[in-house]
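A short worksheet on the structure shown next.
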Number of protein chains: 2
Amino acid sequence: MVSKLEKARQDPSSMKGKILAAARKVFGEYGYHGTTTRMIAKAVGIDISTLYYHWGEKRDLYESVIMDLNEEIRQKLLEIENKVKGKSLATRLEIAIDVMCDYLFSNPEVSNFILFLYFGKTRGDSSLNFKVSEYISNIAIAMGLALDKKYIPVKAKASVIAVWNSVLNFISGEDFFRPMLDIDHDEYIVVVKDTLKFILIPAFTQKQS
Amino acid sequence: MVSKLEKARQDPSSMKGKILAAARKVFGEYGYHGTTTRMIAKAVGIDISTLYYHWGEKRDLYESVIMDLNEEIRQKLLEIENKVKGKSLATRLEIAIDVMCDYLFSNPEVSNFILFLYFGKTRGDSSLNFKVSEYISNIAIAMGLALDKKYIPVKAKASVIAVWNSVLNFISGEDFFRPMLDIDHDEYIVVVKDTLKFILIPAFTQKQS
DNA sequence: TATTTTATCCATCAAATGTTGGAAGCGGTG
DNA sequence: CACCGCTTCCAACATTTGATGGATAAAATA
C-alpha cells in the first residue's frame with residue numbers, strides 16, 4: 001500500500017503517478033461517491049482494469065490520495081514557516097496568505113478535496129484521518145499566536161481554523177463566487193488575497209481584548 | 001413540482017413534508033451522489049416506491065430541497081435585517097452572527113447542504129441556482145457595508161462572502177474541528193461566535209484603509 | 001353498501017458501478 | 001526461437017441503485 005504510494009510520488013510520470021494525479025482531481029471535483037473508477041480511468045486514458053491492476057480497490061486509491069495530500073501540505077507549511085521566521089505578525093500573516101493562496105490556486109483540486117473530507121460523510125465511513133489538527137497547531141505557533149507547543153489556547157486554534165477555512169472556501173468556491181463579483185480569474189486572486197488580509201490582519205494585530 | 005413543494009412546506013407533518021425534511025438531512029450529510037433514494041425512504045420509514053409515488057425522480061426531490069432552503073434562508077435574513085435596523089455597525093455584526101449561528105446550529109444539515117452546493121460538482125450537472133448572490137448583496141446592505149443597492153463594491157461583497165463562509169464552515173465542520181479544540185458542544189457554540197466576532201468586527205470597524 | 005380514489009408495499013427491471021479472470025501484446029533473456 | 005514477467009484491454013459478473021407495474025389495503029364518496 002504505502003510502497004505503491006511512494007513509487008507514485010517519486011515518479012509522477014509513471015502509470016501509478018498519473019493515476020494518483022488523476023484520482024486527486026476527479027475525487028476533488030465530485031467527491032468520493034460522485035467519482036466512479038471509470039471516470040478516473042478515462043481521465044488517465046487507460047482501461048478500467050489497468051487501473052485496478054495498479055491500485056486495487058477504489059477505497060485504497062482514495063486513501064492514498066489523502067496520504068499524498070497530507071504530505072504535500074505538510075511540506076508547504078514547512079516552507080511557509082521558514083519564510084516568515086523573524087518577521088512581524090502582520091508580515092507573517094501576509095506571507096502566509098500569499099504563499100498558501102498561490103499554492104492552492106495552482107492546485108484547486110486540493111482545497112476541494114479537503115473540503116469534501118470536512119463536510120461530506122462517506123458511506124461505509126471508517127474515519128480517515130486527515131491531519132488537520134497537526135497543521136493547525138503548527139500554524140498557530142508559526143504565526144506566533146501561541147508560544148508554548150504544549151498548550152495552545154482554544155482561541156488561537158479557532159482563529160487559525162477560521163483563516164484556514166476562509167482560504168479553502170475562496171479557492172474551491174471560485175466558480176460560485178467569481179460571477180457574483182463579476183471579475184476575471186486574475187482579479188479574483190487579488191481580491192481574495194486582499195479580502196483575507198483585510199479581515200484577518202486587524203483581528204490579530206489589534207490590542208488584546 | 002412547485003405545488004408539491006408548497007404542500008410540503010405548508011404541512012410538515014404530511015408525508016410530503018416528512019420526505020422533504022428527511023431528504024434535506026440525508027442530502028446534507030452525504031451529498032447528492034452519496035445519497036440513495038433508499039436511504040431517504042428508510043429515514044422516513046417508508047418503502048422506496050412510496051417515496052417515488054410522492055416525489056417522482058431523485059433529482060426532483062433534490063431541487064425541491066434547494067428551493068425550500070432558498071426560501072427559508074431568505075426569511076432568516078429578513079428577520080436579521082429587521083433586528084439590526086438602526087444599530088451601530090459593531091452591534092449589527094454581533095446580532096447577525098448570533099442569530100445566524102443559532103439558526104444554523106439548530107439545523108446543521110442546512111450549512112452542510114449549502115457547502116455541498118458550492119464545492120461539489122454533480123454529475124449530469126445542469127446548474128441549479130442557489131441564490132447566494134442575492135443574499136450576499138442583501139447582507140452587504142443590511143450591514144451597512146454598501147449604501148447604494150445598485151452598486152455594491154467588490155470589496156464589500158467579498159467580505160460578506162468570507163464571513164458567510166466562515167459561519168457555514170464552523171457549523172458543518174463541528175465533528176472535525178471540535179475534537180481539535182477539545183471542548184463540548186455548548187462550549188463550541190460560544191467559541192465559534194466569539195471567534196467570528198473577534199475576527200470580523202475589528203476588520204469592519206477599523207478606520208477605512 | 002358499492003365504487004372510486006388515494007396511499008402503501010412487494011417484486012422486479014434496466015442501467016450504473018465496483019471488481020475480476022483471462023487472453024493478448026510486448027520487452028527482455030536463455 | 002521459446003520462455004517469462006509485466007502491462008494492457010475486452011468481456012463478464014455481482015451488487016447497488018434509480019425507477020416502475022401491479023396487487024392490496026385504507027379512505028373517501030356516492
Side-chain angles (χ1 to χ4, degrees), chain A residues 1 3-4 6-8 10-23 26-27 29-66 116 120-126 128, chain B residues 1 3-8 10-24 26-27 29-66 116 120-126 128:
Chain A
M1 250 184 263
S3 59
K4 260 186 297 188
E6 283 308 316
K7 200 164 183 178
Q10 282 163 24
D11 183 5
S13 70
S14 70
M15 186 53 71
K16 285 182 176 45
K18 280 194 275 186
I19 292 176
L20 190 67
V26 184
F27 277 131
E29 279 187 58
Y30 294 92
Y32 182 76
H33 292 296
T35 299
T36 72
T37 50
R38 283 169 176 82
M39 285 164 73
I40 299 174
K42 194 174 180 184
V44 185
I46 57 173
D47 185 88
I48 182 180
S49 40
T50 304
L51 186 149
Y52 275 88
Y53 171 76
H54 286 284
W55 277 99
E57 301 188 3
K58 177 185 181 183
R59 181 136 219 116
D60 220 37
L61 180 51
Y62 184 69
E63 295 187 10
S64 293
V65 172
I66 294 180
F116 265 117
K121 287 189 184 169
T122 301
R123 262 149 47 207
D125 147 77
S126 79
L128 303 163
Chain B
M1 252 184 260
S3 60
K4 260 184 298 189
L5 215 193
E6 282 308 313
K7 200 163 183 178
Q10 282 164 22
D11 183 5
S13 69
S14 70
M15 184 52 71
K16 286 182 175 48
K18 281 194 274 187
I19 292 176
L20 190 66
R24 178 201 279 211
V26 184
F27 278 132
E29 280 186 57
Y30 293 92
Y32 182 75
H33 292 298
T35 299
T36 72
T37 50
R38 282 169 176 81
M39 286 164 73
I40 300 174
K42 193 174 179 183
V44 185
I46 56 173
D47 185 88
I48 182 182
S49 40
T50 304
L51 186 151
Y52 276 89
Y53 172 76
H54 286 285
W55 277 100
E57 301 187 2
K58 176 185 181 184
R59 182 137 218 113
D60 221 37
L61 180 51
Y62 184 69
E63 295 188 10
S64 293
V65 172
I66 294 180
F116 264 118
K121 287 189 183 170
T122 301
R123 261 149 48 207
D125 144 78
S126 78
L128 302 163

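Below, chains carry the letters A, B, ... as their sequence lines are ordered, and counting in each starts from 1.
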Those residues that, when tested against [X], pass side chain to side chain contact (heavy atoms under 4.5 Å, CB included) (two or more places apart):
X	value
B:F116	A:F116, B:N112
B:T37	B:I48, B:Y52, B:K58
A:A21	none

Measure [atom1]/[X] against [atom2]/[N] and give the value in whole Å, please.
X	N	atom1	atom2	answer
B:K42	C:dC9	NZ	P	15 Å
A:I40	C:dT19	CD1	P	11 Å
B:M15	D:dA26	CE	P	15 Å
B:K58	D:dT17	NZ	P	9 Å
B:L51	D:dG21	CG	C1'	17 Å
B:K18	C:dA7	NZ	C1'	13 Å
B:W55	C:dT8	CH2	C1'	18 Å

Problem set entry | Contact check, side chains of A:T36 and B:H33, non-hydrogen atoms, under 4.5 Å | no
I'd like a table of atom pairs between the protein and nucleotides 9-16 of chain D - only N or O on both sides, under 3.5 Å - with the distance next to each one.
from, atom 1, to, atom 2, distance (Å)
D:dC9, OP2, A:D47, N, 2.8
D:dC9, OP2, A:T50, OG1, 2.8
D:dC10, N4, A:S49, OG, 2.6

Seminar exercise, completed: Contacts of B:T50 meeting side chain to side chain donor-acceptor pair (under 3.5 Å) (sequence neighbours excluded), chain-then-number -> none
Problem set entry | Side-chain N or O of A:Y52 closer than 4.0 Å to phosphate OP1/OP2 of C:dT19 | yes
For this session: Indicate whether OP1 or OP2 belonging to C:dA16 is found under 4.0 Å from a side-chain N or O atom of B:H33.
Result: no
Seminar exercise, completed: Residue pairs passing the salt bridge (charged side-chain N to carboxylate O under 4.0 Å, His left out) test with at least one member in residues 29-38 of chain B, sequence neighbours excluded, are A:K121-B:E29
